[in-house]
Structure formats: C-alpha cells, structure tokens
Amino acid sequence: MPFQSYSVISRLSQLHEEITRFKKAQDMMANVNAALKRADTYVLQQFKLPKKLITELKQRHARGLPAYPNYVFKHNTEYLDVLQSELTELEGQQKF
C-alpha cells in the first residue's frame, strides 16, 4: 500500500462520515414527511424531534406543505453528488 498523507486519510474519513450523515438525514426527512401524511405522531417522537418542531411540522402539513419540501432533497442530493465525486477522486489517487 502506498504512503498516504494523514490529511488525505483524514479527508477520506470526513467524506465517509458526511455522506453517511446526509444519507441518514435524507431518510429521516422522507420518513417525517410520510409520518405526517399518516398523522403518525409516534413516529415523529421516535426521531426525538423537539415537541415545538413537531408542532411546527404538523402546522406546515395542515397548510398543505410538506415538512421537508422537494427542493431540500434536491439540494442535499446535489451536495451528496459533490461529496461522492470528491471521495471517488481521492480513492482513485490512493491507488497511485
């Protein structure tokens, strides 16, 4: 295995963590939106959301708005693509 600088290894670790964090957030937001459609307060509480936030999300839903609009998912997906590209590039550099 070729020598790798600590900064490259550190950045790879950061990228993996950030990608995982964003994917979990995307899943959570989708589940929150689905729970609101089902009026499932229990699921919202399982995410350990503050009561005030749950109330605000329910109010948004009552107005016909999703808790997390599509543009949030779109922006997060675009950011995940950027992170994944950087990760792929760094992993490719490791081989040399």
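Interatomic distance, CZ of Arg21 versus CG of Asn76, reported as 9.0 Å (0.5 Å rounding). To the nearest 0.5 Å, the span separating CD on Glu18 from OG on Ser13 amounts to 11.5 Å. Taking NE2 of His16 as the reference point, atom CD of Gln84 lies at 8.0 Å (rounded to 0.5 Å). To the nearest 0.5 angstrom, Ile19 atom CD1 is 11.5 Å from Gln14 atom CD. Annotation: the span from Asn31 atom CG to Gln26 atom CD amounts to 11.5 Å, rounded to 0.5 Å. Atom CG of residue Leu83 and atom CD of residue Glu17 lie 12.0 Å apart, to the nearest 0.5 angstrom.
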Hey, can you pull the donor-acceptor pairs under 3.5 Å for the side chains in residues 54-68, sequence neighbours left out?
{"residue": "Thr55", "atom": "OG1", "partner": "Lys51", "partner atom": "O", "Å": "3.0"}
{"residue": "Lys58", "atom": "NZ", "partner": "Thr41", "partner atom": "OG1", "Å": "2.8"}
{"residue": "Arg60", "atom": "NE", "partner": "Pro66", "partner atom": "O", "Å": "3.0"}
{"residue": "Arg60", "atom": "NH2", "partner": "Pro66", "partner atom": "O", "Å": "2.9"}
{"residue": "His61", "atom": "NE2", "partner": "Leu36", "partner atom": "O", "Å": "3.2"}

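Residues passing the ring pair (Phe, Tyr, Trp, His ring centres under 6.0 Å) test with Phe73: none are found, sequence neighbours excluded. Every residue meeting the ring pair (Phe, Tyr, Trp, His ring centres under 6.0 Å) condition with Tyr71, not counting sequence neighbours, appears here in chain and number order: His75.
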Original post:
Do Val43 and Val32 pass the side chain to side chain contact (heavy atoms under 4.5 Å, CB included) test, and can you show the C-alpha distance, the side-chain angles, and the key distance before you say yes or no?
Top reply: CA-CA 8 Å; Val43 169; Val32 166; over 6 Å; no
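More than 12 non-hydrogen atoms from other residues, nucleotides or ligands lie less than 6.0 angstrom from CG of Asp81.
Linking Ile, Leu, Val, Met, Phe, Trp and Tyr residues whenever their side-chain heavy atoms come within less than 4.5 Å places Leu87 and Val8 in a single cluster. The hydrophobic clustering, which links ILVMFWY residues whose side-chain heavy atoms are closer than 4.5 Å, places Met29 and Leu80 apart. Taking hydrophobic clusters as Ile, Leu, Val, Met, Phe, Trp and Tyr residues chained together by side-chain heavy-atom distances below 4.5 Å, Tyr79 does not share a cluster with Val72.
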